[in-house]
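Note that this is a predicted model, so its numbers are computed, not measured. Sequence lines set the chain letters: A, B, ... in the order given, protein chains first and strands last, and positions in each chain run from 1.
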Number of protein chains: 2
Amino acid sequence: MNDFNERQIRLAPVEKQTLHDQVANQVRDLIIEGHLEPGSRIDETALLEQLDVSRTPFREALRTLAAEGLVVIRPSRGSTVRKLSREDARSMLEMLAEIERFGGRLACERASPDEISALLDIHDRMMALYAARDRLPYYKLNQLFHTRVAAASQNATLIEIQGNIQAKLKRIRFVGNQKVGDWADAVADHEEMAAALRTRNGERLGEILALHLLRTWDRVKDSIG
Amino acid sequence: MNDFNERQIRLAPVEKQTLHDQVANQVRDLIIEGHLEPGSRIDETALLEQLDVSRTPFREALRTLAAEGLVVIRPSRGSTVRKLSREDARSMLEMLAEIERFGGRLACERASPDEISALLDIHDRMMALYAARDRLPYYKLNQLFHTRVAAASQNATLIEIQGNIQAKLKRIRFVGNQKVGDWADAVADHEEMAAALRTRNGERLGEILALHLLRTWDRVKDSIG
DNA sequence: GCTTTTAATTTTGTATACAGGATACAAAGT
DNA sequence: ACTTTGTATCCTGTATACAAAATTAAAAGC
């Protein structure tokens, strides 16, 4: 009688996590959150104990992170947290700017009304946080906003690449947003983005998104390398 | 007296290859060259014997390929060669078009005269191969041309992403270029690219590159699913 | 005859052991 | 004192062994 329901449940299984994946996620977080210094050596034995796994899944995780570009593995010489050179950061921001420009354009063409209002909602919350000068939650929501714009482009490849680059730049961008005046400028940009979203002006949205990121480069370029 | 030379040699060591890397490259080739059918299961034991390695480096290689998006690993259920859905292919080509558009623009701004003439040289060789209707070498050179345009953008991130997507699409694009009329169209595009390169007209070059790829989508979209 | 259970087999994920190479340190030579 | 050579230690890469899960095959029930 509830056979059918049982079956439904079986057919939609909870996606299982291997140890490898868990470790990869944990280490990725450690890197992105800045608990592992860029350029520093990754001490296998230490992390191994801390995470309480054996070497096999740990090393597989490292390979994954290396392919993602967060970790550098030099044969026989251990792995290090990838340190972005000035040139790396420049090329990533330049590329991200172009990707978000395109994403913004597509978003305005393809987003559902719901997606648009969800975006505007995030925007409003960001503005409230700015008014309260509540930096960290603002920063988190900002990341989310950019991610969601990309998501609204309906282009899975774009979404993935945007996420990848954003992850690698996460720390840098945070550093870049420290000065008060810069924050005000960023907020002004975001107001324009919201306006462009409301009118579905893709050209304009893309333009501001790109500019927004290129400005980030100008802000951080001297504190890197 | 040759102390200095000795030291030079030590400072530029030959980059060593781990077994893992070799296996990753081998399997990647197998996939790209089409010797492993997309969607098909990857039989560990079979490949293990064939490549004559143990499971550890092999599985690490699989992780790498999974992160690159060439392989899909479902926990406890083995790995398969990633099969591009129609939607995957669409989003990749759409994205690649935009990336190459940007790459083309940057190339015209930043390429050295040498790079430009190297590109035009490749172009000439392509045209000769077209005249001889020599399909396979033409195809290879075509890949190289697009890669080199990207390289001329001087943006490492762009170069990497372009290469990644190109690798994943390799088989599809080959399928798409089968009809005679299509080939002629593609050649016409390439003549225009060469012209734009000669005059360093980045806007134009980017436009044709993008169009060229979007046309590819039109050609292949019905044969994918 | 078809579905469901149970058992056997294969396959996958993880731990561990071992070997080869790299790093660090100390001793000898300049 | 500084460089070089030799040695000990540590770390990395790979093979293998074992356990858990999934797949397949066979048997039992309806």
Under 4.0 Å from OP1 or OP2 of C:dT23: is there any side-chain N or O of A:Arg77 that close? yes

Test salt bridge (Lys or Arg N to Asp or Glu O under 4.0 Å) applied to A:Asp121 - qualifying residues, sequence neighbours left out: A:Arg125

CE on B:Met193 to CG on B:Leu211, rounded to 0.5 Å: 9.0 Å

Using the 3.5 Å cut-off, write out each protein N or O paired with an N or O of nucleotides 16-18 of chain D and the distance between them.
from, atom 1, to, atom 2, distance (Å)
D:dT16, O4, B:Thr56, OG1, 3.3

Identify each atom pair where a protein N or O and an N or O of nucleotides 5-11 of chain D are less than 3.5 Å apart, giving names and distance.
from, atom 1, to, atom 2, distance (Å)
D:dC11, O3', A:Arg41, NH2, 3.3

Can you measure B:Leu62 atom CG to C:dT12 atom P for me and round it to whole angstrom units? 10 Å

Among C:dA22, C:dT14, D:dA22, which nucleotide sits nearest the side chain of A:Ser76? C:dA22

Sequence neighbours left out, cut at 3.5 Å: what donor-acceptor pairs do the side chains of residues 27-37 of chain B make with other protein atoms?
from, atom 1, to, atom 2, distance (Å)
B:Arg28, NH1, B:Glu68, OE1, 3.0
B:Arg28, NH1, B:Glu68, OE2, 3.0
B:Arg28, NH2, B:Asn25, OD1, 3.0

Could you please spell out the steps behind the side-chain contact (heavy atoms from CB on, under 4.5 Å) verdict for B:Arg74 and B:Thr80? CA-CA 8 Å; B:Arg74 278 147 44 216; B:Thr80 56; 4.1 Å; yes

A:Gln17 has an atom CD; how far is it from atom C1' of D:dA21, in whole Å? 17 Å

Can you establish whether the number of heavy atoms outside B:Glu160 located under 6.0 Å from its atom CD is more than 12? no

Rounded to the nearest 0.5 Å, how far does CG of B:Asn155 lie from CD1 of B:Ile99? 10.0 Å

Are a donor atom and an acceptor atom from the side chains of B:Thr147 and B:Gln166 found within less than 3.5 Å of each other? yes

Residue pair A:Asp43 / A:Thr45, side-chain donor-acceptor N/O under 3.5 Å: yes

Taking only Lys NZ, Arg NE, NH1 and NH2, and the carboxylate oxygens of Asp or Glu, determine whether B:Asp182 and B:Arg215 approach each other closer than 4.0 Å. no

Give me each pair satisfying ring-ring contact (aromatic ring centres under 6.0 Å, His included) with a member in residues 142-164 of chain B, each pair once, sequence neighbours excluded. B:Phe145-B:His190, B:His146-B:His190, B:His146-B:His212

Find the distance A:Arg63:CZ to D:dT12:P and express it as a whole number of Å. 12 Å

Where the side chain of A:Glu44 is concerned, which of D:dA15, D:dT12, D:dA22 is the nearest nucleotide? D:dT12

Using atom CG of A:Asp52 as one end and atom P of C:dT14 as the other, report the distance to the nearest whole Å. 13 Å

Which residues, if any, of residues 18-28 of chain A bring a heavy atom under 4.0 Å of DNA chain C? A:Thr18, A:Leu19, A:His20

Whole-Å distance separating the CD1 atom of B:Ile73 from the P atom of C:dT14: 11 Å

I need the CZ-P distance between B:Phe58 and C:dT11, as an integer number of Å. 13 Å

Should the pair B:Arg55-A:Glu60 be classified as a salt bridge under the 4.0 Å nitrogen-to-oxygen rule? no

